[in-house]
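Take a look at the structure below.
Read the numbers this way: they start at 1 and go in the same order the structure lists the ligands and their atoms. Nothing here was measured: the structure is a model prediction, and the numbers come from that model. For the single chain, residues carry numbers from 1 onward in sequence order.
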Amino acid sequence: MEEKIKHAQELVEYAITNYPRVAVACSFGKDSMVTVHLAKEVVPDIEVFAVMTIYKPHETYKYLKLLNAEWNLNTTVYLVAEHIPEELRDDELKIILLPPDEFIQKSLMIKAETGREIYEVDPDECCHLLKVEPTKAAVRSLDAWICGLRNTEGRTRADYREIEDKGGLIKINPILTFTEAEIWRYIATRGIKSHPWYALGYRSLGCQPCSQIGGILERDGRWQNTSKCGGECGIHTQLLK
Ligand code: SF4
């Protein structure tokens with residue numbers, strides 16, 4: 001475990017040393033918090049950004065604000081929305097609102113045609129508009145980003161590498177080989193507060209409608225009963241630049 005932590009911090013050092021413009025992506029799930037925590041031990045004022053959606057649980061907004069303040073993260077939040085949701089409002093956050101027009105138009109069209117929500121009928125498109133496009137905006141001015149991906153999280157994550165080059169954008173995955181148990185051990189030994197949904201039994205947190213308790217692998221609870229079950233939102237599979 002200590003070897004893995006040391007190696008993870010070496011990867012953060014590698015990112016900082018080799019890429020002038022680098023930031024940590026933080027979803028405020030357990031893996032992100034470990035990544036941010038160990039990155040801050042290397043670079044205390046490392047840049048942090050979060051892509052939020054209007055469908056994130058309110059508990060995620062509250063947890064984000066709490067940890068942003070307690071850890072002095074200066075998080076930049078990217079959000080496709082007309083307004084900042086009441087629960088996310090915080091003078092300590094820099095929130096960049098991105099135009100929701102296309103999302104609203106497609107959601108209304110799907111609702112009119114099917115009577116159902118976009119995330120039920122076309123979660124790929126919903127994720128594309130609410131997660132992938134804002135992530136593109138977040139990484140536009142970066143050379144590299146640091147993520148909390150782990151190989152054992154789900155069926156789609158087994159083959160990721162610690163350092164990836166996707167279209168010239170470098171992604172560093174410092175905790176790639178950490179197991180779920182090691183993540184919880186790190187959190188416990190560092191006294192890190194965790195998102196309240198973990199105490200309810202969730203093992204992987206996303207948007208409220210697309211996160212469930214249950215499954216064998218951590219990400220099996222994501223997008224249950226859709227073609228995307230246990231899969232990816234797209235930010236780690238698509239070109240962002
Ligand atoms: S996780 Fe669900 S609600 Fe969130 S962007 Fe993707 S499909 Fe939409």
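Near Tyr119, the atoms of ligand 1 lying under 4.0 angstrom from a non-hydrogen atom of the residue are 2 (Fe), 3 (S), 7 (S), 8 (Fe). Shown in contact with Cys210 at under 4.0 Å from a heavy atom are these atoms of ligand 1, numbered in order with element: 1 (S), 2 (Fe), 3 (S), 7 (S). Counting the atoms of ligand 1 from 1 in the order shown, those under 4.0 Å from a heavy atom of Cys127 are 1 (S), 5 (S), 6 (Fe), 7 (S). Remark: ligand 1 atoms within the under-4.0 Å shell around heavy atoms of Pro123 are 7 (S).
With ring centers used as reference points, Trp223 lies 6.0 Å or more from Tyr119. Aromatic ring centres of Trp197 and His58 lie farther apart than the 6.0 Å criterion allows.
A cation-pi contact, defined as under 6.0 Å to the ring centre and within 45° of the axis, links Arg190 to Tyr186.
Both the backbone and the side chain of Cys126 come within 4.0 Å of ligand 1, counting heavy atoms alone. Residue contacts with ligand 1, taken as heavy atom pairs separated by less than 4.0 Å, involve Lys131 solely via side-chain atoms from C-beta onward.
Side-chain atoms of Arg219 never come within 3.5 Å of backbone atoms of Cys229 as a donor-acceptor pair (strictly under, hydrogens ignored).
Nearest protein heavy-atom contact of atom 1 (S) of ligand 1 is Trp223 NE1, 3.4 Å. Closest protein heavy atom to atom 3 (S) of ligand 1: Tyr55 CD1, 3.4 Å.
Trp145 and Phe49 have parallel rings, their planes meeting at less than 30° on a 0 to 90° scale where 60° marks the start of perpendicular.
Salt bridge annotation for Lys136-Glu133: present, with a cationic side-chain nitrogen under 4.0 angstrom from a carboxylate oxygen. Remark: Lys106 engages Glu102 in a salt bridge, criterion side-chain N to carboxylate O under 4.0 Å.
Cys207 lies close to atom 4 (Fe) of ligand 1, since one of its N, O or S atoms is found at a distance under 2.8 Å.
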